[in-house]
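Below is one structure, written out as structure tokens, with a few remarks after it.
Computed from a predicted model, the values in this text were never measured in an experiment.
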Amino acid sequence: MRVKRKITRWPMLLVAVFTTALAVAFVLERLSLYIIAAYAVVSLVTFISYWLDKRKAQAGRWRIPEAHLQLLSLLGGWPGALLGQNYLRHKSKKRAFLTVFWLTVLVNLAGLSWLAGAWR
């Protein structure tokens with residue numbers, strides 16, 4: 001018997017807080033609109049990649065390498081990855097993957113913080 005996991009709301013809340021922070025940084029002229037657009041595009045591509053990988057896994061077909069998913073997160077797609085992990089229930093239990101994922105989030109946020117400081 002398969003236990004159905006409950007979808008939690010904290011990933012959506014975290015993405016909303018991050019999006020708000022990006023908007024504030026833009027208003028304060030700390031970030032370019034291009035950077036915010038890049039986050040949106042890479043997050044969308046990352047979410048779609050999680051969706052495709054899950055479909056391929058279910059069909060027993062060739063999968064997207066985990067390193068590619070992690071690279072997308074590192075490049076700014078971590079909000080899309082977080083939503084994909086939660087809403088698609090994909091790559092959400094594998095501890096080694098999640099450890100690297102959260103490291104990519106920290107590195108990305110550190111880079112964004114540096115960029116926001118260097119922008120002025």
Side-chain angles (χ1 to χ4, degrees):
M1 178 177 185
R2 191 171 187 185
V3 177
K4 191 168 189 173
R5 292 183 320 150
K6 184 179 179 182
I7 294 175
T8 59
R9 294 177 194 236
W10 71 264
M12 182 59 90
L13 179 62
L14 182 58
V15 170
V17 168
F18 177 69
T19 303
T20 302
L22 287 178
V24 168
F26 173 72
V27 169
L28 296 175
E29 297 180 354
R30 303 297 268 169
L31 286 178
S32 163
L33 188 57
Y34 293 115
I35 293 170
I36 296 169
Y39 268 96
V41 169
V42 176
S43 288
L44 180 62
V45 168
T46 304
F47 185 88
I48 292 169
S49 295
Y50 271 69
W51 179 80
L52 287 171
D53 190 53
K54 176 150 184 156
R55 296 299 167 252
K56 290 178 178 190
Q58 291 171 332
R61 294 182 20 221
W62 174 85
R63 308 271 306 272
I64 296 172
E66 287 184 354
H68 291 179
L69 296 174
Q70 299 290 21
L71 179 61
L72 286 169
S73 294
L74 180 65
L75 295 175
W78 66 265
L82 188 60
L83 295 176
Q85 289 169 13
N86 191 53
Y87 294 105
L88 301 173
R89 297 183 187 132
H90 189 55
K91 300 288 186 187
S92 59
K93 284 188 159 189
K94 194 172 180 184
R95 289 214 186 272
F97 182 86
L98 291 174
T99 299
V100 174
F101 167 73
W102 286 109
L103 286 172
T104 67
V105 172
L106 291 175
V107 170
N108 177 269
L109 291 176
L112 179 64
S113 295
W114 175 83
L115 192 61
W119 180 255
R120 275 198 162 197

Determine whether Leu74 and Ile64 fall in the same hydrophobic cluster, where Ile, Leu, Val, Met, Phe, Trp and Tyr are linked whenever their side-chain heavy atoms lie under 4.5 Å apart.
no
Can you find a heavy atom in the side chain of Tyr39 that is under 4.5 Å from one in the side chain of Leu112?
yes
May I ask you to test the Trp102-Trp78 pair for a side-chain heavy-atom distance under 4.5 Å?
no
If you count every heavy atom of other residues, nucleotides or ligands that lies below 6.0 Å from Lys94 atom NZ, does the total exceed 12?
no
Consider only side-chain heavy atoms of I, L, V, M, F, W and Y, link residues closer than 4.5 Å, and tell whether Leu22 and Leu33 are in one cluster.
yes
Given side chains that start at C-beta, do those of Asp53 and Lys91 come closer than 4.5 Å, heavy atoms only?
yes
Taking the six-membered ring for Trp, are the ring centroids of Phe47 and Tyr87 within less than 6.0 Å of each other?
no
Examine Leu115 and Val105 and state if one hydrophobic cluster contains both, with Ile, Leu, Val, Met, Phe, Trp and Tyr joined whenever side-chain heavy atoms are less than 4.5 Å apart.
yes
Leu109 and Phe18, any side-chain heavy atoms less than 4.5 Å apart:
yes
Side chains of Ser73 and Asn108: does their closest heavy-atom pair fall under 4.5 Å?
no
CG/Leu72 to CG/Leu44 distance, rounded to the nearest 0.5 angstrom?
11.0 Å
Approximate separation, where rounding is to 0.5 Å, of Leu69 CG and Thr104 OG1:
10.5 Å
Considering all heavy atoms of both residues, which atom of Gly76 and which atom of Ser43 are nearest to each other, and what is their separation?
O-OG, 3.4 Å
Are Phe26 and Ile35 close enough that some pair of their side-chain heavy atoms sits under 4.5 Å apart?
no
Just do the side chain to side chain contact (heavy atoms under 4.5 Å, CB included) check on Leu13 and Arg9 with the steps written out, would you?
CA-CA 6 Å; Leu13 179 62; Arg9 294 177 194 236; 5.9 Å; no
Within-4.5 Å side-chain heavy-atom neighbours: Phe97 and Gln85:
yes
Between Gly84 and Tyr50 the two heavy atoms that sit nearest each other are C-CD2, 4.3 Å
Would you please test Val15 and Trp10 for side chain to side chain contact (heavy atoms under 4.5 Å, CB included) and show each step?
CA-CA 9 Å; Val15 170; Trp10 71 264; over 6 Å; no
